[in-house]
Structures are given as structure tokens and as C-alpha cells.
Amino acid sequence: MSKPQKLPIGIQTFEKLREDGYLYVDKTKYLVDLIDNGTVYFLSRPRRFGKSLTISTFDAIFSGKRELFEGLAAEEYFDRPEYKPCPVIRLDMSQVSTNDGMETMRDTILVQILNSARSYGIALPDLAMKSPVTALSTFINLLSEKDGRNVAVLVDEYDKPYLDLIHAPEEAGKVRDVLRDLYIQIKASDRYIRFVFITGISKFSKMGVFSGMNNLNDISMDARYAAMLGYTEEELVSNFAPHIEATAKGMGITSDELLERMRFYYDGFSFDGETMLYNPFSTLCFFQKESFRNYWFETATPSYLARYMKDRRLTVEQFRGMGVSRDFAYAPGAIETSSPESFLYQSGYLTLRPGTVDDYSLDYPNQE
């Protein structure tokens with residue numbers, strides 16, 4: 001039995017993961033396919049599903065860090081005659097503070113933009129530093145002109161500032177306005193941009209926040225990219241074989257018995273109604289601790305979920321097998337007026353299953 005690789009629990013940086021020898025399930029074929037076939041993308045997935053790692057991997061591709069991709073599907077991309085690296089602007093909206101009002105929120109966004117500009121040796125003019133909106137637009141333009149190449153813009157957790165305040169509608173509305181004005185600058189700077197990838201947990205606020213970005217290609221429900229985040233069972237068996245064998249031995253059961261239990265606890269997420277995926281965070285934690293626990297669920301605020309269901313007199317069973325239309329998943333509308341099933345689906349507590357010809361049904365992904 002080969003020695004199991006280190007498990008990348010909590011590691012969201014592709015460079016660190018690869019350089020330090022952590023286990024990596026190769027998803028780079030999907031990223032190259034997206035680069036080959038489009039320019040501006042949006043993807044929603046539940047928390048702890050690998051969105052930040054995906055952003056970091058795109059960064060490494062566009063930055064030309066070929067050495068990190070040895071043996072991976074994307075390695076061939078760097079050998080193409082047309083391949084050229086380009087500058088990258090990354091915004092991590094999970095770092096934006098919403099605790100002390102709109103001014104603080106704008107300042108924390110602005111600091112990210114200014115720090116990124118400094119890393120490229122660009123000093124923004126005083127006028128551009130008055131707001132994150134003008135700062136981002138100016139930075140994109142100046143960076144492209146300085147480098148002579150168009151820019152890749154990567155936005156992680158686009159909806160985090162908005163979701164922080166969903167229980168304060170007036171404040172949430174102000175946040176949405178700020179974010180909408182910020183993201184519109186990406187479309188307005190189209191002539192300077194090579195690629196855009198935006199991620200978040202929900203599609204709720206997409207309708208309002210991205211109202212000015214009608215060029216977004218939403219791949220959240222695209223069957224071609226359904227397995228881009230999360231682990232299929234085939235990937236689990238082929239990548240985690242030493243961990244499966246060692247864990248099964250430690251628990252005194254066969255590998256097949258272990259897989260059956262893991263399937264019950266952690267498999268079953270689906271973003272197209274067909275492809276089934278293991279929760280990556282729970283899978284990694286399980287192999288580390290060798291104990292069946294609710295790892296993903298415990299990283300959120302279960303007390304809020306319990307209160308949400310109690311206040312609305314909801315029961316667990318009423319959502320199992322509930323029929324929903326395709327519009328339910330593709331265009332959920334505003335979070336303020338969402339149905340309970342839509343809220344639970346967008347949060348990752350419910351998932352899709354095949355329904356009738358034109359519809360889906362809902363169910364809980366697994367025991368967790």
C-alpha cells in the first residue's frame with residue numbers, strides 16, 4: 001500500500017497545495033475548457049466546495065506558473081503556441097467588512113484594489129482612490145496599458161457582503177447597490193479584459209447585483225461543468241485509494257463497506273440533477289479523523305437554520321421529493337422574497353434530483 005498523501009484541509013491556495021505535496025483531485029481540464037470557450041463566467045456553489053481553490057488555480061494558469069501543473073490536464077495548455085500569461089486582478093469579497101457601515105465596506109474593497117495595484121507597481125491617481133468603483137476601473141485600464149496584455153479578473157464570494165446583511169433589508173439594499181456599481185466596471189472595461197470568473201454561494205443576489213452585467217455566462221447548472229467542484233465516486237476511488245484502504249483497516253471493515261457508508265453520509269450533491277458528488281470538505285475531514293461526523297454542517301450556523309425552520313413551522317420531511325421547475329434552479333429571484341425550499345437549496349441543504357421531463361425534484365443530499 002502506497003503512503004497516503006497529505007490532505008489539503010483548509011488549503012485554498014493552489015500554489016501551496018502543489019508545492020507542499022498535498023493531494024489534489026485534478027479539475028484543471030474544466031478550467032482550460034472554460035478559457036477556450038468563453039470569456040465571462042459565473043458559478044454558484046455551496047460553501048466549502050472549492051470555489052476559492054478554483055479561483056487560485058485560474059490565477060496560477062494566467063500567471064504562467066507552469067511548474068505547478070506538471071502531470072495535470074492543464075499542462076498541455078502551456079505548450080500551445082498561442083499561450084501567453086497575463087496580469088491578474090483578484091477580489092476576495094469574503095474579506096470585506098460589513099460591520100461598521102457602508103464607508104468601512106467601501107474602504108475594505110478599496111484596500112484590496114490598491115494593494116493589487118501596488119503589487120504591479122501601479123500608483124492610482126488621487127481621483128481614482130476616492131471610491132472602489134473608480135479605483136477598479138482605473139486599475140484595469142492602467143494595468144492593461146502598462147503590461148500590453150488584457151487582464152484576467154477573478155472575483156471570489158461575490159455575494160458575501162450582501163448575505164451578511166440579509167436580515168437587515170435596508171442595509172442589504174445599500175450593499176447591493178455598491179456591489180452592482182463595482183461589478184459594472186468589469187463589463188465597462190471589456191476592451192481591456194481577457195477573462196472573468198465570478199463565484200459565490202447563491203444566485204439570489206445575482207439578479208440585482210449583476211443587473212448591469214448581462215454578458216455573464218452562468219455555468220452553475222451546466223451539465224458540462226457539473227463535476228467541476230466536489231468529488232465524483234470515480235475520483236474518490238482513484239485519488240483516495242490509500243486513504244480508503246487505511247481508514248477501512250483502522251475501522252475494521254472492508255473498503256467496499258467503507259465506501260457504502262461514505263456514500264450514505266457525504267455523497268449526493270447534484271447541480272444538474274444527474275451527476276452525484278461527494279462533499280469535498282466532509283470527505284477530507286473524514287479521512288483525517290476517521291469518524292463519521294457532520295463536518296460541513298458544523299462549519300455554518302446550524303442554530304440559525306433551526307430558528308429559520310422553527311419560525312416558519314417547517315418540517316424536514318416536507319421538502320423530500322418536492323417537485324420544482326427549472327426556473328426554480330436557474331432564476332431563483334430575490335432572497336428577500338424567496339420560498340423556504342429555494343433558501344435551503346441555495347444554501348446547499350437541499351439538492352436536485354431528476355423529476356419530470358422539464359422539471360426537477362428536491363431532496364437532502366445525504367445523511368449529513
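- Ring geometry for F58 versus F195: interplanar angle of 30 to 60°, hence tilted.
- Look at R263 and E260 and you find no salt bridge, because none of the NZ, NE, NH1 or NH2 atoms lies under 4.0 Å from a carboxylate O.
- A salt bridge links D79 with R66: at least one charged nitrogen is closer than 4.0 Å to a carboxylate oxygen.
- Under the 4.0 Å criterion applied to side-chain N and carboxylate O atoms, K160 and D164 are assigned as salt-bridge partners.
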- Message: Between F197 and V155, does the side chain to side chain contact (heavy atoms under 4.5 Å, CB included) criterion hold? Intermediate values first, please.
- Response: CA-CA 6 Å; F197 192 78; V155 182; over 6 Å; no

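- Remark: R90 CZ to F62 CZ distance equals 12.5 Å, nearest 0.5 Å.
- Separation of atoms OG1 (T54) and CG (L43) is listed at 7.5 Å; rounding is to 0.5 Å.
- Residue N37 comes nearest to Y41 through the heavy atom pair C-OH, 3.3 Å, listed as atom of the first residue, atom of the second, then distance.
- Separation of atoms CG (L110) and NZ (K130) is listed at 11.0 Å; rounding is to 0.5 Å.
- With values rounded to the nearest 0.5 angstrom, E368 atom CD is found 9.5 Å from Y349 atom OH.
- Ion pairing between E76 and R80 holds under the 4.0 Å rule for side-chain N and carboxylate O.
- Taking 4.0 Å as the cut-off between side-chain N and carboxylate O, K174 and D177 do not count as a salt-bridged pair.
- Between the SG atom of C86 and the CG atom of D147 there is a distance of 8.0 Å, given to the nearest 0.5 Å.
- We find the CD1-CZ distance between I113 and F139 to be 8.5 Å, quoted to the nearest 0.5 Å.
- Between E70 and R18 there is no salt bridge, since no side-chain nitrogen of the basic residue lies less than 4.0 Å from a carboxylate oxygen of the acidic one.
- Residues W296 and M309 fall within the same hydrophobic cluster, defined by Ile, Leu, Val, Met, Phe, Trp and Tyr side chains chained together at heavy-atom separations under 4.5 Å.
- A side-chain N or O of D33 and one of Y225 form a donor-acceptor pair less than 3.5 Å apart.
- For K6, the NZ atom sits in a packed shell: over 12 heavy atoms of surrounding residues, nucleotides or ligands are nearer than 6.0 Å.
- No side-chain heavy atom of M322 sits under 4.5 Å from any side-chain heavy atom of S361.
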